[in-house]
K.L.:
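Submitted below is the structure of interest, expressed as structure tokens.
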Amino acid sequence: MKKHDILIKTQEYIRKIFLKEGTGHDYYHIERVVINARKILQAEQADDFLVELGAWLHDLGDHKLHDGIDKSEELISAFLASLTVDQAVIDRVVEIVSQVSFSKGNKPSSIEAKIVQDADRLDAIGAIGIARCFAYGGSKSRILYSPDDNERKDSSLQHFYDKLFKLKDLMNTESARLIAGQRHSFMEEYLAEFYREVR
Ligand code: NI
């Protein structure tokens, strides 16, 4: 199968699985990650095909969607093998996806993994990141925010401090760092207004 056809089949497969996902990891999240990755690719020397496959498949086996168990390797291998993709390519895609996650704390070892990680992280910040943060919190029955110090640690707003504000400085590529800077400033403005309204 040609690379182009493999990418189309992958997109269709992901669309079918993720369209009704309600935790902020829906199909359009994945599509935005692919679009972010394509933007970053314009400034980087990398294998486009591996980056796109990694971006499309990066959340397929995510532990958050499978009761705490990461099924990435199993699901990605089975799907790509069904398209008769070379084992060497499958191994690379599995490796890229295993290095993307924030919670696993992995360091990307290739430029392809760095790009997919940046593309995913860009979608976690800025206006879209704010929307996803509250949607994810809602799916876990978290409160939006609390003025009480003890309750606050379980609120969606706390996630800004635990993760979202850290992402700008964790970008691997220069083009992602630039986009992240704008999105980061917007989140700061957003929180300033948020506090004005609740205090
Ligand atoms: Ni993602």
Side-chain angles (χ1 to χ4, degrees), residues 7 10-41 44 46 48-77 79-80 92-140 142 156 159-160 162-173 175-177 179-180 183-184 187:
L7 290 172
T10 304
Q11 178 178 6
E12 285 168 359
Y13 172 68
I14 290 298
R15 190 178 169 87
K16 233 179 3 209
I17 293 179
F18 283 88
L19 204 52
K20 298 257 164 65
E21 223 290 343
T23 68
H25 289 81
D26 57 82
Y27 170 74
Y28 294 106
H29 156 64
I30 297 168
E31 193 181 72
R32 287 190 303 273
V33 172
V34 173
I35 291 166
N36 290 341
R38 286 181 188 146
K39 275 186 209 153
I40 300 168
L41 271 170
E44 301 293 334
D48 297 30
F49 180 59
L50 289 178
V51 169
E52 286 220 19
L53 275 182
W56 281 120
L57 295 168
H58 81 276
D59 274 336
L60 180 61
D62 194 293
H63 66 98
K64 290 191 284 301
L65 315 175
H66 298 282
D67 303 320
I69 303 157
D70 188 303
K71 294 193 172 172
S72 301
E73 180 165 1
E74 180 189 333
L75 295 174
I76 291 171
S77 300
F79 171 68
L80 292 179
R92 286 294 318 278
V93 175
V94 166
E95 183 190 75
I96 290 167
V97 170
S98 76
Q99 295 174 344
V100 168
S101 162
F102 179 86
S103 50
K104 282 181 241 157
N106 289 334
K107 281 252 183 301
S109 60
S110 63
I111 182 63
E112 287 79 15
K114 287 178 181 172
I115 294 173
V116 177
Q117 185 178 68
D118 281 1
D120 191 34
R121 287 176 168 178
L122 282 176
D123 203 55
I125 58 177
I128 196 74
I130 293 169
R132 291 183 65 221
C133 175
F134 289 116
Y136 184 72
S139 79
K140 297 280 169 192
R142 282 184 196 139
S156 289
H159 195 60
F160 282 74
D162 293 343
K163 176 177 172 184
L164 307 189
F165 280 133
K166 293 178 180 166
L167 293 178
K168 168 176 76 79
D169 294 326
L170 294 174
M171 295 293 161
N172 304 295
T173 64
S175 39
R177 228 184 322 276
I179 304 170
R183 296 187 182 197
H184 185 92
M187 290 195 299

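As the structure lists them, so they are numbered: ligands from 1, and atoms in each ligand from 1. The figures that follow rest on heavy atoms only: side chains count, while hydrogens, waters and symmetry mates do not.
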K.L.:
If we ignore angles and hydrogens, is there a donor and acceptor under 3.5 Å between the side chains of Q99 and S109?
P.N.:
yes

K.L.:
If waters are left out, how many protein N/O/S atoms lie within less than 2.8 Å of the Ni ion (ligand 1)?
P.N.:
4

K.L.:
Working to the nearest 0.5 Å, report the span between CG of L75 and CD1 of I17.
P.N.:
7.5 Å

K.L.:
Can you name the side-chain contact (heavy atoms from CB on, under 4.5 Å) partners of S175, sequence neighbours left out?
P.N.:
I40, A43, E44, T173

K.L.:
Quick test of your reading of the model: are E52 and R38 salt-bridged, counting only N-O distances below 4.0 Å?
P.N.:
yes

K.L.:
Only one of K114, R121, Q117 clears side chain to side chain donor-acceptor pair (under 3.5 Å) with N172; which?
P.N.:
Q117

K.L.:
Using a 6.0 Å cut-off, check whether atom CD of E95 has over 12 heavy atoms from anything other than its own residue.
P.N.:
yes

